[in-house]
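Order of the sequence lines fixes the chain letters, A, B, ..., with proteins taken first and strands second; residue numbering starts at 1 for each chain.
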Amino acid sequence: MKENESVSESHIAQWRADFPILRTSTQSGKPLVYLDSAATSQKPQAVLDALTQFYASENANVHRGIYGLSELATDAYESSRRTIAEFIGSCYPDQLVLTHGATEAINMVAASYVATVCKPGDEILLTVMEHHANIVPWQMLAEEKELIIRYVPLDESGALDLEAYAKLLSDKTCMVAFTHVSNVLGTINPVKTMTEMAHAVGAKVLIDGAQACPQIAVDVSLIDCDFYVASAHKCYAPSGVGLLYGRPDLLEMMRPYQTGGSMIETVEFERSTFLPPPMRFEAGTPAIAETIAWAAAFRYLQSLDLDAVRLHKLNLQRLLHDRLQGFPKLKIHGHAEKKVPVVSFTHEVIHPHDLATILDSEGVAVRAGHHCAMPLHRYLDVPATTRASLSFYNDATDIDALVKGLEIAEELFA
Amino acid sequence: MKENESVSESHIAQWRADFPILRTSTQSGKPLVYLDSAATSQKPQAVLDALTQFYASENANVHRGIYGLSELATDAYESSRRTIAEFIGSCYPDQLVLTHGATEAINMVAASYVATVCKPGDEILLTVMEHHANIVPWQMLAEEKELIIRYVPLDESGALDLEAYAKLLSDKTCMVAFTHVSNVLGTINPVKTMTEMAHAVGAKVLIDGAQACPQIAVDVSLIDCDFYVASAHKCYAPSGVGLLYGRPDLLEMMRPYQTGGSMIETVEFERSTFLPPPMRFEAGTPAIAETIAWAAAFRYLQSLDLDAVRLHKLNLQRLLHDRLQGFPKLKIHGHAEKKVPVVSFTHEVIHPHDLATILDSEGVAVRAGHHCAMPLHRYLDVPATTRASLSFYNDATDIDALVKGLEIAEELFA
Amino acid sequence: MTNLQALYQQVILDHGRNPRHFSQPEHAQIDQVCFNPLCGDKIHVYCDYAVDRKTFQALSFTGDGCAISVASASLMMVALQKKDSAYFYEAFDYLKRLLAGEAVDLSTIDAFSAPEDIANMRRIQVIAGVKNFPMRVKCATCAWHTMAAVVEGGSEPIKTE
Amino acid sequence: MTNLQALYQQVILDHGRNPRHFSQPEHAQIDQVCFNPLCGDKIHVYCDYAVDRKTFQALSFTGDGCAISVASASLMMVALQKKDSAYFYEAFDYLKRLLAGEAVDLSTIDAFSAPEDIANMRRIQVIAGVKNFPMRVKCATCAWHTMAAVVEGGSEPIKTE
Ligand SMILES: Cc1ncc(COP(=O)(O)O)c(C=O)c1O
Ligand SMILES: Cc1ncc(COP(=O)(O)O)c(C=O)c1O
């Protein structure tokens, strides 16, 4: 399919039909217009079915039983690990640690890797567009280990300033951690180039893929990063599960994070020994059904016409920008050349919370606030923004509803 | 209802009907006889419905949105916290931290509480019947902080030796951590007395309720312990969620564990400040649907005739012991006076794995191995045991199937 | 009048846009801040007491916030000038009853007998439109909680969620 | 014959109960252990080489394990006495093909030409019954993986899962 071509209505209608919640109405009686996919995605029927099917016919604990049901569950769980690994381009499932979310994965790398290799005075390089999950764990570590945190600034468009990035990198940089896609600006960062640049000074790279995985194709082998994290609940799958991809030599040298059952080799009264990765980092009973449902979400995505999905999202993004630009009092933050359909904006007169309430009364679910990116808002010098974030299950009528809500708001506040 | 009275067949049939998986057959074509509830419980239809309903009509991220759907989700999540808190007798929902499992909860207390209050040479008192989840985190901490771990031994019956416990307690003891119910022996420990004794020497108490919550009534206010942990997946609810109850003054002084979104108050480029408990300990997007489904599991349990459930389990436990005692070559480990229907045994001739395979061919799912309690097996001087663990959805025919499988095994190995 | 119109009545829009007593004094005896970590809003209340240590001598506020929180703060400011803490509690109690959906008869409250008091409280009535928007109630009460902290002499920042 | 009967054939039960070459020598050149962390099973293989540094001179084992793992170790011991590493690899390969469900024609394998070798390999055939029990395959191969480590001269304990 070529750019500017449109995607057939029936395609879009089918995608929407796959998501049961899109058939519901809000308290105001209006049909739900869900524009908050960056906070959490909706779930297709295929994922609900995977959950129900597992619990109704395959449920058992994994890695521990000899009986058939436990074997089935273990196979389903481990083959889900393979599916998830494949989806992000990890060549070997052993490089894929299943965590409880992107947040846990970042905390794990900070505690089990960086804490053991950094020296006082070493630098951690972040960017001003990071989510709190990719800031606070590093601040805690920096305080404990006397590290210095630096932040890569933005250019006018809301893209990272790569010249500044180059200058901030030095042989003192032990870790560079940045988001693949901004949850506020929608910017897609040049992660491969940034990784190369970091590696050139000997730094390791962690990429926060929480917003990228649901929106764009991810290939960790191609990016060649050291660590990559993501959350299932943003990828059309259940809450309670996430991933950490790690380079095998790094995972191998990392000390355990949480400890307990499943990650041990032997436990004696005096001491214990641990399994190799990824098991070493998966203490306790994992989120079994949720992981299996995550693989089902990936299979569902793969069953779609991916070119059509891509094109549809591009069209949505353009339409969204175009329509919003029709409001002179509205300022969009983030015009990077490469971005996903996530748009945050402020209004000269109307506060984001008031806007969100008025939109809600029209059935339109948008987020207002700092979107877990207070430093970015400080940097942009706005206390809060309103964010509309779209997925492939949205369509032009959703954008119409947003625009209508904005008109009502401006009328009310006129 | 009085002891020895039996529970009506229709009651039991109704309970069984509530669990869809109990209508399935195993690969061998035999109906599933699930005797591995101590590893993970099966889930009633009410829990599957709660999951599906949430995802199909209420799904949104929590604590972050102004729009109606997010408010619904937040209300459902926070009212689930109240339900779960009530269920374990915690007076205030603020004392209930939602974790990803019992394992994470124990790791959290070790890292965020004990690590900050203990001094080199302080002692941590465990028992020989602990699950790896309640051993390994303490070993790691002990190594880091130069603490000493001691273990309370058992008496002949498989109960804790309380005299030895009294002698092991001293003003050096900073933490006592023990299980409420043993996952191998089935023993119910006298947690209230043990807590009092620990408090008398100034030690804090963590109770591992992973096996207790699904089996017996738990009241943390009555026990008066400092910390209590459990896992949803053993309580007829989904995987991926668990709880940490903590005394409010202790939670208040605890430093954050994982950091990121949702647990912060402000994030600036230089530093961050944190919310009060329980939010301080809940970084990132929580297991929203799973928590809501856990509350549904508790409501389901409360809808049952609890006296009948209690009596039925007592009857099952007696029947199980009686029938197993009919095999002279079989040795039951654990005859404590107070126990739940969990029985581990060894056979003079047949190895636990062979037994599990043979039982599996009869549709009977039992666990063979060390059940994440290697030290206990070392202590009992057996490399492995076979464990049958029952819940209220089991019945006498399940025990018949187990007995028949044992007979087949003995015949084969005769 | 729809719920939305009831929420954004002219009084709210007016006070939201042109808040009264909106200024930061050079020196204030008390500077109390209310912060909502979930949305980033922040409201400072500044207060000096008269020599009697009871009457609010100078009372003003600054801050970033939505129309509801700014208007509510502004209406509170107007109502509390030269009043004391007892009067504040009466007013806060009145607001809470309104937010709980009660139809309060102003003439039954002794504290509000002067025509000016009654006019102020009538205006405060419009804040009750927020009761149909539970997620916004915290916006409406933010300044009031801060004022309570001022009166109680606390110095810790106040948080609402 | 049911799958279960095929698994627990007389040969397995016999070797499981009365394992051959089951002893711990006072001194062994090599003591290699195989450990299954998930079930707690442990098997030691002891080996001395002849002066040629190739022929297994003394080969024995000890350990705790299920009938399958002990029988498989015992059958391996019988088959490998006075053999060398090349022969071991042939035998292991043969076992792997059986476990993969292949119907192997013994007469096509040159290494197994002596009647005694053929008899040993016939007995090893019964281990193939485990192929219908995927969770137990690790039991059947535990000793063999340990032996591979012996031959490769590793000293790290071997783990199976
Ligand atoms: C007594 C006991 N404690 C702790 C755990 C660990 O629970 P989880 O794996 O759900 O974290 C278990 C379950 O395996 C258990 O039986
Ligand atoms: C860019 C980014 N990183 C990290 C996270 C944290 O993800 P989670 O809350 O699922 O751990 C989010 C989502 O809130 C995000 O948008």
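- B/Thr259 is listed as a side-chain neighbour of A/Asn107, based on a closest heavy-atom distance under 4.5 Å.
- Put simply, the side chain of A/Ile135 does not reach to within 4.5 Å of the side chain of B/Phe269, judged on heavy atoms.
- Note that NE2 of B/His132 is 7.0 Å distant from OG of A/Ser272, once rounded to the nearest 0.5 Å.
- To the nearest 0.5 Å, the span separating CD on A/Glu268 from CE on B/Met374 amounts to 9.0 Å.
- Residue B/Asn59 comes nearest to A/Ser41 through the heavy atom pair ND2-O, 3.0 Å, listed as atom of the first residue, atom of the second, then distance.
- No donor-acceptor pair closer than 3.5 Å links the side chain of B/Glu143 to the backbone N or O of A/Arg271.
- Counted by atom type alone, B/Tyr257 and A/Gln258 present one or more donor-acceptor pairs between their side chains at under 3.5 Å.
- Within the 4.5 Å cutoff, the side chain of B/Tyr55 has heavy atoms near those of the A/Pro238 side chain.
- With values rounded to the nearest 0.5 angstrom, B/Phe54 atom CZ is found 11.5 Å from A/Leu48 atom CG.
- Between the side chain of A/Tyr67 and the backbone N or O of B/Ala356, no donor-acceptor pair lies under 3.5 Å.
- With contacts defined as side-chain heavy-atom distances shorter than 4.5 Å, the pair A/Asn61/B/Asp36 does not qualify.
- Of all heavy-atom pairs between A/Thr103 and B/Gly284, the closest is OG1-CA, 3.4 Å.
- Smallest separation of non-hydrogen atoms from B/Gly68 and A/Asp360: N-OD2, 3.0 Å.
- With a threshold of 4.5 angstrom between heavy atoms, A/Val267 approaches chain B through its backbone and through its side chain.
- For A/Ser231, no part lies under 4.5 angstrom from a heavy atom of chain B.
- B/His370 contributes atom NE2, which lies 5.0 Å from atom CD1 of A/Ile264 (distance to the nearest 0.5 angstrom).
- The two atoms that bring B/Ala287 and A/Gly240 nearest to each other are CB-CA, 3.9 Å, heavy atoms only.
- Contact count versus chain A (heavy atoms, under 4.5 Å) is highest, among B/Ser70, B/Ala133, B/Ala111, B/Gly101, for B/Ala133.
- Between A/Pro256 and B/Met140, the closest heavy-atom pair is CG-CE, 4.2 Å.
- Side-chain atoms of B/Glu270 and A/Gln139, non-hydrogen and from C-beta on, never get closer than 4.5 Å to each other.
- Between the CE atom of B/Met263 and the SG atom of A/Cys372 there is a distance of 11.5 Å, given to the nearest 0.5 Å.
- Contact check for B/Leu69 versus A/Gln27: no side-chain heavy atoms found under the 4.5 Å cut-off.
- The part of A/Glu58 that comes within reach of chain B is its backbone (N, CA, C, O), which places non-hydrogen atoms under 4.5 angstrom from that chain.
- The closest side-chain heavy-atom distance from B/Ser239 to A/Glu290 is below 4.5 Å.
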